[in-house]
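Read the structure below first, then the notes.
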Amino acid sequence: PRAPMLSAVKLTGERPIEGKTPDSLLALHAAGYREVRDRLEPGGRFLDLGCGLADGTATFADPERTLVGIDYDATTAAQARREKAGIGLMTACADGSALSLASDAFDYVCSSHLIEHFVEPQHHAREVARVLAEDGTAFFITPNEPADFENPYHVYLFEPDDLNEMLGRYFGEVEVIGLDATPTVKADFEKRRALARKLLRLD
């Protein structure tokens, strides 16, 4: 039998990790991926940016689909490829604002909870547009302002009109759709925010 694999990924709060991140936050990420899956045709070339350990990426596996994950951390990208080898996932390490990928290479590109991590998010949007095929579809999932103020990695939060305007510079058609949480998830987020406010008052 194989020895258990020790995760080398550090728990910083920057990325969701099964068994470590609060269930409410994992549910919100999973809901975003579910909305993307509902809009896909079978097969195609699919790129997931900021894939982390690829737990969400793996949900897009399809025998007819080329599945690629990108993460800015080389150790994380390598671990994702090892752990998801059974679904044929390919991974690479790259900066989301300067992708080492060919232009027009993917039918679908997913940027889930990533664009808010860039001080200058337009560079990320430009790169997504570049690697997307002319008739392809890109998906950006991001919290809207003023969301989860307690996350120091979220350095650029959008309002819907701002997101629409910026994406419109790089994509021919843009549709901004709200993604709402269930009452249970909302209650958990409010509990976390209340705790964060108490801690900030003590700081």
Minimum heavy-atom distance between Gln122 and Tyr170, given as atom pair plus value: CB-OH, 3.4 Å
Side-chain donor/acceptor of Asp71 to backbone N/O of Gly52, under 3.5 Å: yes
Positive for side-chain contact (heavy atoms from CB on, under 4.5 Å) with Asp48, one of Phe106, Phe139, Tyr33: Tyr33
Ser111-His124 side chain donor-acceptor pair, cut-off 3.5 Å: yes
Donor-acceptor contact below 3.5 Å, side chain Lys84 vs main chain Leu53: yes
Check: Thr66 main-chain N/O paired with Arg45 side-chain donor or acceptor under 3.5 Å: no
Charged N-O contact under 4.0 Å between Arg130 and Asp104: no
Any side-chain heavy-atom pair of Leu101 and Ile70 under 4.5 Å: yes
Short side-chain to backbone donor-acceptor contact, Tyr108 and Leu132, under 3.5 Å: no
Residue pair Glu120 / Tyr156, side-chain heavy-atom distance below 4.5 Å: no
Side-chain donor-acceptor contact under 3.5 Å, Arg37 with Thr59: yes
Parallel, tilted or perpendicular: rings of Phe46 and Phe60 (30°, 60°): parallel
